[in-house]
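Below is one structure; the comments refer to it alone.
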Amino acid sequence: MSAIAASLPTDAGAAGCGDAPVLRERGQREVFCGLTGIVWLHRKIQDAFFLVVGSRTCAHLLQSAAGVMIFAEPRFATAIIEERDLAGLADANEELDRVVARLLGRRPDIRMLFLVGSCPSEVIKLDLARAAQRLSQRHMPAVRVLHFSGSGIETTFTQGEDACLAALVPEMPAEPGSARSLLVVGALAEVVEDQFLRLFAALGVGPVRFLPARRAADLPAVGSGTRYLLAQPFLAETARALDARGARRIPAPFPLGAEGTTLWLHAAAQEWGVGERTFREATTIGEQRARHALLRRRERLSGQRVFFFPDSQLEVPLARFLARELGMVPLEVGTPYLHREHLAEELALLPPGVMLSEGQHVENQLDRCRAARPDLTVCGLGLANPLEAEGLATKWSIELVFTPIQGYEQAGDLAELFLRPLARRARLEV
Amino acid sequence: MQLAVWTYEGPPHVGAMRVAAAMEGLHYVLHAPQGDTYADLLFTMIERRATRPPVTYTTFQARDLGGDTATLLKTATLDAYERFRPQAILVGASCTAELIQDDPGGLARTLGLPVPVVPVDLPAYQRKENWGASETFYQLVRAFAGPRAPRPGTVRAASETRCCNILGPTALGFRHRDDVAEVRRLLALLGVPVNVVAPLGATPADLARLGEADFNVVLYPEVAMQAAAWLKRNFAQPHTTAIPIGVGATRDFIAEVARLAGVDPAPALAEASRLPWYSRSVDSTYLTGKRAFIFGDATHAIAAARIAATELAFEVVGLGTYSREFAREVRDAARGHGIEALITDDYLEVEAAIGAAQPELVLGTQMERHTAKRLGIPCAVISAPVHVQDFPARFSPQMGFEGANVLFDTLVHPLMMGLEEHLLGMFRDDFEFHDGAGASHLGAGSAPAAAVQPATPPLPESVGAWAPEAEKELKKIPFFVRGKARRNTERFAADRRIPLITLETLYDAKAHFSR
């Protein structure tokens, strides 16, 4: 593997990284599985419940990934497969029905139940699609039962959200006719949704809907008039499902930073034929506020070299933001999966010479990171303290998923997340 | 299938990781899919370890399931050996790998590595974390100490100075780091040398030396009892049974060690904890008969119950554990306190039991801390599962005389201080000193007790209604005992088929229950 690393060209030669070669690695991955998405999805969709059909490990992961345990009874749980469930699948199905009945009995407020597949449920080939169908028939109309996989053998971290949203797409009502609407796809903080709604209103772009909606019952309609903007870069399956419903993706970079947000809004504005003057009027104040917020941080961050371990697929847009708006120097940008089509606009903006890596061999990557001695390393929680102990400043990547970072008003906050570890080190005298 | 929201214990391979991460010179190759690496963060974040746990995950994916997973395991094992050069390799499977039945131990042994390979089979669909730690430690002890076992029937040569091993402390253990320091201090006072501490800080080579000690000190039976029993059979090493948590138990432990080591216990017994005097000081009078509900792993729950009852003069109204392997011990202890033990790993069941027992103090795990917070009951954490707060920067053992000092503070500080409690009872309508206000020592901003009703089973419909004047009188009873008063009065009324609860009924019930 390290031989591949050594032979990788370090300069793509052309502007951007659109055609840059990618180091593909295979080995131990220090990433979460897709089940982790439940930690934010269950807060986002407020009348949905996520039932993982898995092992004690799955339950323990969710508990640990939540970091601080959220102890109000959460809207997720695990149906832990036990020895006797492995003996016969018919019994496993009966057991699942029993667990679901008990769960729904306890939680009459639930309108949508997701059966979430895990590594063990997939290995024993427990058919959750059929289970969801069977349970849906039994519990309709009070509860709709859907399924998706968050298993580690198939999904990495944010791909769990992708799988969940893809499962929602067939449930979306059909838009009658070909009326034009904008669908913003990917879970966003509510404050960010509201800001975008105001911006789109000022642009005259609409009607605007969001997937996922805050309530399962309010799934937006979709049809051939639907144009969608991805708000997150990890939604390959969801996009495929939306395309199949006749919707069309508006290609754009992602709304991170002042520039990213402007380009993202601009792509929608163009689709709607909004004039440039109107666009400037609607976005200038927000963009300037964002640039102003970045200015102070840029002084501190400019020239700092940053190294990304793969985590959420947000790495490429983040590296673009750090490089173009804060003057940072990305050394290696690791991502679990590089979706060339959805990232085309991002890759074009990335400065040349950035090393892209896909997949992971964590030991080899740690060797590269130690050799590069970056000023800031963006990595998961399993690596952060050990790297800090080696003298490398780190930024926990999970915070980038759990914090509102999209849009103009959050651009400063996003920069602050990268600045804080460095500012903290500068202050400490012990 | 078991419906679980929160779990007290992780899967058994996490127990194996706690043993592997505690040791030096051992590397654990875990056959597991991507995502199982989440377990690393338990060690690096909760325990704030400065190094990654010594674990290599084979990281198989769906497309490997056709048959490449065995090769993956072999490659990962070879790579791990090359990179980390451990003294020995532990090989096992997580829950998913168990299903694909690759026999990781067998595969790793075919590689001809120049170091011992110890396979460990942990049935993930039957067992849990502590069992996994115990089984792993036992297999390691067998593998490394086993070859040096004397022939059966060999009589142990009497040694001049008898030394001991300390068994049980692991990574991610509840105060294990500090317990070991405190127990070492006690042993030094007794003049008993320590041969090996394991698994914490031990290498495989150290495990090979376990047989050189004259006896074993078992700190955490959940982890070490199986290994200690094997050492007893194969090396004729007796082991301690007293767990030195609390003053009385520490004295028992010192006496037991002194007997096993053939030394005078006096120097260690002369050390004193502050607990006895603090408990006898008049300020502690208000602790008398405080109703305590206790839940945790078996070792810490049993110890907390003894301290609560005999060293703080609390009343133990609930005692339970999630350690099913030690249910018998907890049942025995509960009987000693005149109650029935609660053996469950369902935190909702524990919550219901707390609601029903109406305790004034909960001694539990992080789960019970949250439950108690919801019910507005003071709580102290006495047991794993661990939280970042369970790794304090200061020295904070649970064991030995210093541990007893720590426990006095831990168990008493959540309660309201003596005079504060009385004032609250007398002047309950004070505008900033009432049911809704938090305790003053938690600061002015402390949240008022949540209005959630404890999960008590509803009383039958036939229960009498409350007359307005009785209801009003009930409100004058301090809020922290009001629930109990209401319950008792309603039960009193129900038993006597009294249709309307009047002032008289309230005080009749009070007289009845205070006998």
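Fair warning: this is a prediction, and the values are worked out from it, not measured in the lab. To find a chain, count down the sequence lines: A is the first, B the second, and so on, and within it residues start at 1.
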- Within-4.5 Å side-chain heavy-atom neighbours: Leu383(A) and Arg52(B): yes
- Query: Looking only at atom types and distance, does a side-chain atom of Gln34(B) sit under 3.5 Å from a main-chain N or O of Val31(A), one as donor and one as acceptor?
  - Reply: no
- Message: Is it the case that atom CG in Asp127(A) sees more than 12 heavy atoms from other parts of the structure closer than 6.0 Å?
- Response: yes
- Heavy-atom contact with chain A under 4.5 Å, split by part of Arg369(B): neither
- One option among Val388(B), Thr59(B), Thr56(B) has the most heavy-atom pairs under 4.5 Å with chain A, and it is Thr59(B)
- Honestly, the part of Thr156(A) sitting under 4.5 Å from a heavy atom of chain B is both
- Item | Spacing of CD belonging to Glu363(A) relative to CD belonging to Glu82(B), to within rounding of 0.5 Å | 13.0 Å
- Item | Carboxylate-amine/guanidinium proximity below 4.0 Å for Glu83(A) and Arg127(B) | no
- Nearest-0.5 Å distance that lies between atom OH in Tyr38(B) and atom CD in Glu30(A): 12.5 Å
- Query: Under 3.5 Å, side chain of Glu82(A) to main-chain N/O of Tyr125(B), donor-acceptor pair present?
  - Reply: no
- Message: For chain B, which candidate among Val362(A), Val99(A), Thr36(A), Val53(A) shows the most heavy-atom pairs at distances under 4.5 Å?
- Response: Val99(A)
- Item | Pairwise distance NE2(His60(A)) to OH(Tyr8(B)) - rounded to 0.5 angstrom | 13.5 Å
- Asp36(B) side, atom CG; Cys119(A) side, atom SG - distance, nearest 0.5 Å: 6.5 Å
- Flag, side chain of Asn385(A) to backbone of Arg49(B), donor-acceptor distance under 3.5 Å: no
- Would you sort out whether Arg29(A) and Gln61(B) count as a side chain to side chain contact (heavy atoms under 4.5 Å, CB included), showing the intermediate values? CA-CA 11 Å; Arg29(A) 291 182 157 204; Gln61(B) 292 173 290; 4.1 Å; yes
- Message: Do Leu51(A) and Leu3(B) make a side-chain contact, defined as non-hydrogen atoms from C-beta onward lying under 4.5 Å apart?
- Response: yes
- For Val52(A), is it the side chain, the backbone, both, or neither that has a heavy atom closer than 4.5 Å to a heavy atom of chain B? neither
- Query: Which answer fits Ile398(A), side chain, backbone, both or neither, if we ask what part of it has an atom under 4.5 Å from a heavy atom of chain B?
  - Reply: neither
- Query: Does the side chain of Arg56(A) come within less than 4.5 Å of Cys95(B)'s, by heavy atoms?
  - Reply: no
- Partner chain A: residue of Glu9(B), Met45(B), Arg83(B) with the largest heavy-atom pair count (under 4.5 Å): Arg83(B)
- Between the CE atom in Met1(B) and the CZ atom in Arg98(A), the distance rounded to the nearest 0.5 Å is 9.0 Å
- Message: Using 0.5 Å steps for rounding, measure from the CG atom of Leu86(A) to the CD atom of Glu98(B).
- Response: 7.5 Å
- Query: For chain A, which of Leu72(B), Asp79(B), Leu65(B), Asp40(B) has the most heavy-atom pairs under 4.5 Å?
  - Reply: Asp40(B)
- Query: Do Gln28(A) and Thr37(B) have a side chain donor and acceptor closer than 3.5 Å?
  - Reply: no
- Item | Side chain, backbone, both or neither of Ile46(B) within contact of chain A (heavy atoms, under 4.5 Å) | neither
- Query: So which of Gly34(A), Cys33(A), Gly382(A), Gly380(A) has the biggest tally of heavy-atom pairs under 4.5 Å with chain B?
  - Reply: Gly382(A)
- Query: Looking at Thr75(B), Thr44(B), Leu41(B), Leu42(B), which one has more heavy-atom pairs under 4.5 Å with chain A than the rest?
  - Reply: Thr44(B)
- Less than 4.0 Å between a side-chain N and a carboxylate O, is that true for Arg26(A) and Asp64(B)? yes
- Task: Determine whether more than 12 heavy atoms belonging to other residues, nucleotides or ligands lie under 6.0 Å from atom CH2 of Trp131(B).
- Result: yes
- Message: Tell me if the CZ atom of Arg48(B) is crowded by more than 12 foreign heavy atoms within 6.0 Å.
- Response: no
